[in-house]
Amino acid sequence: YIIIGMISRSSSNNVAGKQNNEINRRNRRMNQRISIIILTDFCCWIPFISICGLHSFEVLDATPWYSLFSMLILPVNSVINPFLYDNFLTTVLMAIFGS
């Protein structure tokens, strides 16, 4: 996720340096939107991946956790994504957390 964000920002900066301010502003907003989407995906999936890894290495028995993750935590990502792809929630989150 971090690499995707860095490549996106680098690509946008390379293109934006040669364009006008309006295009720079739109590119910056798109990068913020992509960053929010990547962050929410990361926050929803990394606990599940961590628990699965610990279970695979027999550090803990995660069998009771699978139902919790599959019924509660992972669907949160599915519920959040349509709102993130919509302009309204993204605009609100960028107003709160970014420029």
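When a residue number appears, it is its place in the shown sequence, counting from 1.
Applying the side chain to side chain contact (heavy atoms under 4.5 Å, CB included) rule to Ile49 yields the partners Trp45; only residues at least two apart in sequence or on another chain are considered.
Here the closest heavy-atom approach between residue Ser67 and residue Ser70 is recorded as O-OG, 3.2 Å. Closest approach of Phe42 and Pro47 over heavy atoms only: O-CD, 4.2 Å.
Grouping Ile, Leu, Val, Met, Phe, Trp and Tyr by side-chain contacts under 4.5 Å, direct or through others, puts Val59 with Leu54, Phe57, Leu60.
The hydrophobic cluster containing Leu39 does not contain Val76, counting ILVMFWY residues as joined when their side-chain heavy atoms lie under 4.5 angstrom apart, directly or transitively.
With rounding to the nearest 0.5 angstrom, the CZ atom of Phe48 is 13.0 Å from the CH2 atom of Trp65. The CG atom of Asp61 sits 11.0 Å away from atom CD1 of Ile51, with the distance rounded to the nearest 0.5 Å. Distance SG/Cys43 to CD1/Ile38: 12.0 Å, rounded to 0.5 Å.
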